[in-house]
Structure formats: structure tokens, C-alpha cells
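Notes follow the structure.
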Amino acid sequence: MSENARFYAQKMDQQRVGRGMDRALRTQLEEILEVVRDCEARWALEDRMNRRLGLA
């Protein structure tokens, strides 16, 4: 058996933890991007309203 085989379980645990952290970061990124999309939509609506009212 390879000398590295004894480290297999430890390495797999480390990878599993790393993937979990990646998922958490992805979720945070998706939440941030959703806020940005909402803000952009509101700004576009405000711009249209201002143009119709002659404020822009």
C-alpha cells in the first residue's frame, strides 16, 4: 500500500470542508447579486418616472 494511503481520509475530509465553504461563498455571492439586480431595477423605474414627470 502506498505511503499516501494513510492520509486519504484526512485529505477527503479537507476537500469536503472546502466544498462546503465554496457553497457558502456561492450563496453569499448570489444574495449580493440579487440585491444589485433589485437596485438596478429600482433605479431604472425611478429614471422612467422622472423622465415622464420631466424631472430628468
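Given the structure is predicted, the values throughout are model-derived calculations rather than measurements.
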Exercise for the section: Only counting residues at least two apart or in another chain, list the ones meeting side-chain contact (heavy atoms from CB on, under 4.5 Å) with Leu55. Expected result: Asn50, Leu53

Handout entry: salt bridge (charged side-chain N to carboxylate O under 4.0 Å, His left out) between Arg26 and Glu30, intermediate numbers included
Key = CA-CA 6 Å; Arg26 181 175 177 88; Glu30 288 171 352; 3.2 Å; yes

Handout entry: CD-CD distance between Glu31 and Gln28, expressed to the nearest 0.5 angstrom
Key = 7.0 Å

Exercise for the section: Look at Arg37 together with Glu40 and state whether they make a salt bridge at an N to O cut-off of under 4.0 Å. Expected result: no

Handout entry: Pairwise side-chain contact, Arg51 with Arg48, heavy-atom cut-off 4.5 Å (strictly under)
Key = yes

